[in-house]
2 protein chains.
Amino acid sequence: MSPASEIHVLSALVRKLESIARLSDAERRAIESLPAKPRLLQPGQDIVRDGDRPSQCCLILDGWACRYKLLGAGKRQIFSFHIAGDVPDLQTLHLHVMDHSICTLTEATVAFIPHDSLRDLITRFPGLAEIFWRDTLVDAAIFRAWIVCMGRRSAYEHIAHLFCELYLKLRAVGLADGYRCPLPITQIDLGDALGLTNVHVNRVLQEMRRQGLITLRDHTLAIESWDELSRISEFDPTYLRLEKQAA
Amino acid sequence: MSPASEIHVLSALVRKLESIARLSDAERRAIESLPAKPRLLQPGQDIVRDGDRPSQCCLILDGWACRYKLLGAGKRQIFSFHIAGDVPDLQTLHLHVMDHSICTLTEATVAFIPHDSLRDLITRFPGLAEIFWRDTLVDAAIFRAWIVCMGRRSAYEHIAHLFCELYLKLRAVGLADGYRCPLPITQIDLGDALGLTNVHVNRVLQEMRRQGLITLRDHTLAIESWDELSRISEFDPTYLRLEKQAA
DNA sequence: TTCAGATGTTGATGCAGGTTATGGCGCCGG
DNA sequence: CCGGCGCCATAACCTGCATCAACATCTGAA
């Protein structure tokens, strides 16, 4: 890896952290000088597995990934979707054994950063420790939002809520705008995230199209009525803690 | 507050942290010298509210509390139950606006610790910062476990899983043993945590009693067959990260 | 260009869990 | 001593989503 391309690689992380906090110049430079080995992965490839004890974290540079857990009888639950700038296994810095897996959902570029380098970084920059901690706290806030959706909302409301969340997260790192965003995942993936079957996801999507709420084609989601979508799902973006707030 | 009683108050926090990590003597003493104002609260009383910007954290000393969110149409979702030693709003150190509420479920004693004191503590003891961070990460791991239960398990399996989790958490801080533990909450509370109605919770509990899995009387849960209960719910205690592992 | 496997769509049917209602019991305040 | 209230229990009925199945369409590899 040439230094030049490493700076480029880590700018994804800088952009993500700046979407939820402010960085000083020194902090930005320190992040950009982290060692990071990028790799291109095929869709559906595991990055870390349930039970692993990783010695590095993965930074998504391009494409989508998700955290998931497999259960008996072939059931799968997805906990979170991850896009450029996310470090979905940041918690392995302090929780050494993985209690779930992480895999790509699309073709994806992923960079690996050794734990040692991260630990060194946050020792030298306690402000960054705080920001990384904060990032894992936002993660937890998103889990809580998902719990509300799974426990107390209908499938229709749940999907609406997820679309609002994904759109804002993508927009915050410059991957979406004008109420359109990429959604390069299958209805099966959506179902596994929502706790529904792909069949029912399909029916609800049809209904949302019929209502004129969304269009969804060629792996692109267009939100035709943000107000309706967020009203239906009682969506309140506070929990995402984005510096640039919702439309 | 006399110093002597403050030491007693904060030993709940020490015990809790020692259930998920190891403390040095200096760290233990530093925690025990935190300022903490205990208060006795009635059941069902809010400790912090959705939208608040607290300047202190609450430490549960006795009784049960929970994090929850209210939705339109009177729906409520509970995210977590909290017992002696827990600091359910630790995240307010870095996420300033509450995105949910915290209330007592029983009569409870709660101590308030100013953010400033906590920030000072973790600046002086970076090892403690790490442990607090770790505690919020365990929290997030529990959220993930709940998401799996809500998305991919039946009501029966879900309740079984929750009982396993609660028993181990209580035992880890010395509040349970011999497969018996206090469960001083109503079936309505359980339903709001599980994403079920109290009626269905009742049905499932009857069924579990009929199967001889549990007895539940006088706010006390007795697990009659730990093996069955954990097998049914595919319970794997790894995610709780307890130093003293499961039976 | 073709073909096979993955994904999306639609329909028929069943069940887990929601909804509504009612009664009993223990507790507390008047 | 009574009345009201909170919680537990049970029953009857309803519905959202799962399940199973068939087929259509897309995608990518040969």
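Per chain, numbering begins at 1; letters A, B, ... match sequence-line order.
Residues satisfying the side chain to side chain contact (heavy atoms under 4.5 Å, CB included) criterion with B:Asp189, sequence neighbours excluded, are B:Arg76, B:Ile78, B:Leu105, B:Ile185, B:Thr186. Residues forming a side chain to side chain contact (heavy atoms under 4.5 Å, CB included) with A:Asp52 (at least two apart in sequence, or on another chain): A:Val48, A:Arg49, A:Pro54, A:Met98. By the ring-ring contact (aromatic ring centres under 6.0 Å, His included) test, B:Phe79 pairs with B:His100, sequence neighbours left out. Scored by the salt bridge (Lys or Arg N to Asp or Glu O under 4.0 Å) test, B:Glu228 finds B:Arg231 as partners (sequence neighbours excluded). Partners of A:Asp177 according to the side chain to side chain contact (heavy atoms under 4.5 Å, CB included) rule, which considers only residues two or more places apart in sequence or in another chain, are A:Tyr167, A:Arg171. When the side chain to side chain contact (heavy atoms under 4.5 Å, CB included) test is applied to A:Thr215, the partners found at least two apart in sequence or on another chain are A:Ala222, A:Glu224. Residues passing the salt bridge (Lys or Arg N to Asp or Glu O under 4.0 Å) test with B:Asp50, sequence neighbours excluded: B:Lys69. Qualifying side chain to side chain donor-acceptor pair (under 3.5 Å) partners for B:Gln91, counting only residues two or more places apart in sequence or in other chains: B:Arg67.
Note: CD (B:Gln206) to P (D:dA11) measures 10 Å, nearest angstrom. A:Ile188 has its CD1 atom 17 Å from the P atom of D:dC26, to the nearest Å.
Note on the helix from C:dT1-D:dA30 to C:dG30-D:dC1: terminal axis deviation equals 40°, with five pairs used at each end and the result rounded to 10°.
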Just the atom pairs and distances: protein N or O near nucleotides 16-25 of chain D's N or O, under 3.5 Å.
unit_1	atom_1	unit_2	atom_2	d
D:dC17	OP1	A:Ala155	N	3.0
D:dC17	OP2	A:His200	NE2	3.2
D:dC17	O5'	A:His200	NE2	3.3
D:dA18	OP1	A:Gly195	O	3.4
D:dA18	OP1	A:Thr197	N	3.3
D:dA18	OP2	A:Thr197	N	3.2
D:dA18	OP2	A:Thr197	OG1	2.9
D:dT19	O4	A:Arg203	NH2	3.1

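Screening residues 158-168 of chain B for salt bridge (Lys or Arg N to Asp or Glu O under 4.0 Å) gives no qualifying pairs among residues at least two apart or on separate chains.
Using modelled atom types, one finds no donor on one side chain facing an acceptor on the other under 3.5 Å when comparing A:Gln187 with A:Asn198.
Taking side-chain N and O atoms only, B:Arg209 has a distance below 4.0 Å to OP1 or OP2 of D:dA9. Remark: B:Asn202 is not in phosphate contact with D:dC8, judged by side-chain N or O atoms under 4.0 Å from OP1 or OP2.
Protein chain A contacts DNA chain C from C:dT7 to C:dA12, reading 5' to 3' and using non-hydrogen atoms of the protein with a distance under 4.0 Å.
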